[in-house]
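Please read these numbers as outputs of a predicted model, since none were measured by experiment.
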Amino acid sequence: MKSILITNANIVNEGRISLGDVLVKDGKIAKIGTDLSAEAVEIHINGQGKYLLPGLIDDQVHFREPGLTHKAEIYTEAKAGVAGGTTSYMEMPNTIPQAVTIPLLEEKYARAKEVSLANYSFFFGGTNDNLDEILKLDLRNVCGLKVFQGSSTGNMVVDNIESLEGIFKNYKGLLAIHSENDHIIKANLEEFKAIYGEDIPVKFHPKIRSEEACYNASSRAVAMAKKYGTRLHILHISTAKELELFDNSIPLEQKKITSEACIHHMWFAEEDYETKGNYIKWNPAVKTSNDRDQIFQAVLDDRIDVIATDHAPHTLEEKAQTYTKAPSGGPLNQHSLVAMLDFYHQGKISLEKIVQKMSHSVATLFQIEERGFIREGYFADLVLVDLNSPWTVSKENILSKCGWSPFEGHTFRSKVTHTIVSGHLAYEEGTFHEEKKGDRITFLRNN
């Protein structure tokens, strides 16, 4: 593997920004300092005027492989993420077949080893009847267990209360939950169908997948986690009301209950359905501007611990269908960092906080081994950004296989120029170097 020296960069790491150099050898960060010699280094990157960040770790993506590769696949979506500064991802189990047995899960790992430009881990899927298989998982090699409390793409909902309690009581790893109450959603949907039939205006999506549906499920999950001492992580918080369930009075390392915000719930609000339509139809739904603003504040004050994308592509043809047929989800991982950097330019968040929420805290929360920080001896997962290089999202520069983005037409102020994955220069000024693939992420846990 080629040695790399990045010089004169503004290094954003562990709560501070400092001018310096980073030397990469044999996949790891060999030295951090100033005036490091470029002699005998095979790749020299001048970081002058740019900012060097730890690579993003996205703890929630849907890459649709196997079984749904007409809309996305591990190869294309990992590349889109790398171009956006994501060096590691954790992918969800609602594929075809669903990753609900260990052999099926390992097939996904084997595929990623062949094609993924980014580092990878895959969630195992919980069902009403696979607890025995869940308890066989090696917690050091799998990011966590995913349970759907509300149905979404793939319909993996765990709706048997005894099964749910069995998982909370017996599983000792990290349990990631999609929290929406299916019964409330179905009742709401029937009310709107009675008025509009199948062609419900998408603006009612947050009324159907309502605040009540989210809070009911999230509060029940938190109560169950407290009862059994479960390590619970609630995904994609979408309401202000849910924020009362989370604590910022203790360090992240001590938290048993954590939460995640997604880019779309921090960027969009219900008035955007007018122009974006099904392109911002996600589960849980984008809700009010107050929900959006309160979620952002909770990210800043550490009630919400990490920022992710819930990257979940569907084709344009699928999205063009009527409300009840159009699937929820959209591509986001190519634009997550530059979206957050737009918030930085607006004075809403610091660079240090962005790094904390998209790298450091993800590594801490999941107990990832030697990633998420710019530290000597850690894997060299790095992203170099130019904060003042505007570019506009268009069909021509979208890398996700689905070929569209809710950000189309938006001009971002910052640009990712280089992405280094496990010491390999994977992306450089629009060019990919694909001769080395990413690595399987490992975790500092005991079974």
Ser422 vs Arg371, test: side-chain hydrogen bond (donor to acceptor under 3.5 Å, both in side chains). Steps then yes/no.
CA-CA 9 Å; Ser422 291; Arg371 299 187 191 276; 3.0 Å; yes

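- A cation-pi arrangement is present between Lys79 and Phe432, with the terminal nitrogen or guanidinium carbon under 6.0 Å from the aromatic centre and inside a 45° cone about the axis.
- Considering Glu317, Arg64, Glu318 in turn, Glu318 is the only one that fulfils the side-chain hydrogen bond (donor to acceptor under 3.5 Å, both in side chains) rule with His70.
- A cation-pi arrangement, defined by a distance under 6.0 Å to the six-membered ring centre and an angle within 45 degrees of its axis, is absent between Arg303 and Phe246.
- Salt bridge absent: Lys415 and Asp386 never bring a charged side-chain N and a carboxylate O closer than 4.0 Å.
- A heavy-atom distance below 4.5 Å is not found between the side chains of Thr230 and Met224.
- Taking the six-membered ring where tryptophan is involved, the planes of Trp267 and Phe407 are perpendicular, since the angle between them exceeds 60° and thus also 30°.
- Thr258 places none of its side-chain heavy atoms less than 4.5 Å from the side chain of Leu232.
- Asp132 meets the salt bridge (Lys or Arg N to Asp or Glu O under 4.0 Å) test with no other residue; sequence neighbours excluded.
- Within the cation-pi definition used here (under 6.0 Å to the ring centroid, within 45° of the axis), Lys281 qualifies as a partner of Tyr323.
- Between the side chain of Lys172 and the main chain of Leu135, no donor-acceptor pair closer than 3.5 Å is present.
- In this structure, Tyr378 and Phe373 have perpendicular ring planes: the angle between them is above 60°, well past the 30° mark.
- The main-chain N or O of Glu65 is never found under 3.5 Å from a side-chain atom of Thr69 such that the two would form a donor-acceptor pair.
- Side-chain contact check for Phe124 versus Val147: every heavy-atom pair is 4.5 Å or farther apart.
- Relative to the ring axis of Tyr228, Lys226 does not place its NZ or CZ within 45° and under 6.0 Å from the centre.
- The aromatic rings of Trp391 and Phe412 lie tilted to each other, with the angle between the two planes from 30° to 60°.
- A cation-pi contact, defined as under 6.0 Å to the ring centre and within 45° of the axis, links Lys241 to Tyr215.
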